[in-house]
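The figures here come from the full heavy-atom set of this structure, side chains too, leaving out hydrogens, waters and symmetry mates. Everything quoted here is computed from the prediction, not taken from an experiment. Starting from 1, each residue takes its place in the sequence as its number.
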Amino acid sequence: MRASIKWLKDYVDFSQTPEELADMLTMAGVPGESIEYRGAGLEKIVAGRLAELTAHPRADKLLVGKVDIGGRTLTVVTGAANLKNGDIVPVALPGAKLAGGLEIKVADFRGVSSQGMLCSYDELGMDPKIVPPELRDGIYILPADTPPGADALAVLGLDDIILEFEITPNRADCFSVIGLAREIAALTGGALKKPM
């Protein structure tokens, strides 16, 4: 079973690190299998609104976008064909690190300086099983109500930690998040917050 630290904190107050929590649960008969730090290694990625998207003056397959990142506008060159004006997208700023270790720098694309990069789900290290099929091609489109400048990793839930447990039949009480939260409350002394 996999459980998000953020989700568990919706149901129980605790201050232990994920490692401490996994150890405590293992000692209580709920063996921890792994700890996944989602978004590990990613940094300097914000939400940006495409304010203007035009054809590149010297390249048929490239587009030049003016991207509002919350109080500042960047020029970004892209080859993605799934974009339109007004889309909210993840923008890797100069100095950003992406999945696979790619570091973003200001680059020149046929005479147009690109001050960042628009990101696909793959460049953000997202599991394709959790990405809707319509968002797998081209640049990942964020929800329309995402404010420009917001931390894109937080918007995508990539700022979370996932604990994986091997739940055995004798611990059927932990086959749900509320069951795990109940066990965590008992082990840590934290207050259990039951759903309404």
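Closest heavy-atom contact between P31 and G29: CD-O, 3.4 Å. Scanning both residues, P90 and A152, for their nearest heavy atoms gives CB-CB, 4.2 Å. The nearest pair of heavy atoms linking L63 to A55 is CD2-CA, 4.0 Å. For P143 against V155, the heavy-atom pair with the smallest separation is CD-CG1, 4.2 Å. Of all the heavy atoms in E123 and L98, the pair that sits closest is O-CB, 3.5 Å.
Within the 4.5 Å cutoff, the side chain of L153 has no heavy atoms near those of the R38 side chain. In this structure the side chain of D87 never reaches within 4.5 angstrom of the side chain of N82, judged on heavy atoms. Between L118 and L50, some side-chain heavy-atom pair lies under the 4.5 Å cut-off. Looking only at side-chain heavy atoms (C-beta outward), L192 and I184 stay at 4.5 Å or farther from each other. Using a 4.5 Å cut-off on side-chain heavy atoms (C-beta onward), I5 and F14 make contact. Looking at I104 and L93, their side chains never come closer than 4.5 Å, going by heavy atoms from C-beta outward.
For the atom pair N85 CG and T54 OG1, the distance stands at 9.0 Å (nearest 0.5 Å). In this structure, the separation between CD on Q16 and CG on L25 is 9.5 Å, given to the nearest 0.5 Å. Here CG of D160 is found 11.0 Å from CH2 of W7. Values are rounded to the nearest 0.5 Å. Rounded to the nearest 0.5 Å, atoms CG (L53) and NZ (K84) are 10.5 Å apart. In this structure, E36 CD and L163 CG are separated by 10.0 Å, a value rounded to the nearest 0.5 Å. From I162, atom CD1 reaches atom OG of S4 across 4.5 Å, with rounding to the nearest 0.5 Å.
A side chain to side chain donor-acceptor pair (under 3.5 Å) check over residues 128-144, counting only residues at least two apart or in different chains, returns nothing. Applying the salt bridge (Lys or Arg N to Asp or Glu O under 4.0 Å) test to every pair with at least one member in residues 167-191, sequence neighbours left out, gives these pairs: R171-D173, R171-E183. Pairs of residues two or more places apart, or lying in two chains, that qualify as salt bridge (Lys or Arg N to Asp or Glu O under 4.0 Å) and include a residue from residues 138-159 are K6-D159.
Remark: E19 pairs with T17, I35, Y37 by the side chain to side chain contact (heavy atoms under 4.5 Å, CB included) rule, at least two apart or across chains. In this view, K66 satisfies the salt bridge (charged side-chain N to carboxylate O under 4.0 Å, His left out) rule with no residue, not counting sequence neighbours. In terms of the side chain to side chain contact (heavy atoms under 4.5 Å, CB included) criterion, residue partners of D68 (sequence neighbours excluded) are, by chain and number, R49, P148.
For the pair K61 (side chain) and G79 (backbone), a donor-acceptor distance under 3.5 Å is absent. Remark: side-chain polar atoms of S34 are not paired, donor with acceptor, to backbone N or O of E164 under 3.5 angstrom.
In this structure, K193 pairs ionically with D13, as a charged nitrogen and a carboxylate oxygen lie closer than 4.0 Å.
For the 3.5 Å distance criterion, the side chains of N170 and T168 qualify, holding a donor opposite an acceptor.
No path of Ile, Leu, Val, Met, Phe, Trp and Tyr side chains, each step under 4.5 Å between heavy atoms, connects F109 with V106, placing them in separate hydrophobic clusters. A single hydrophobic cluster is seen to contain both V12 and L187, as judged by linkage of ILVMFWY side chains at heavy-atom distances under 4.5 Å, directly or through other members. Under the 4.5 Å side-chain contact rule for hydrophobic residues, V89 and V77 do not share a cluster. By the criterion of side-chain heavy atoms lying less than 4.5 angstrom apart, applied directly or through intervening Ile, Leu, Val, Met, Phe, Trp or Tyr residues, V64 is not grouped with L83; the two fall into different hydrophobic clusters. The hydrophobic cluster containing L62 does not contain M117, counting ILVMFWY residues as joined when their side-chain heavy atoms lie under 4.5 angstrom apart, directly or transitively.
Residue R110 places its CZ atom among 12 or fewer non-hydrogen atoms of other residues, nucleotides or ligands, all under 6.0 Å distant.
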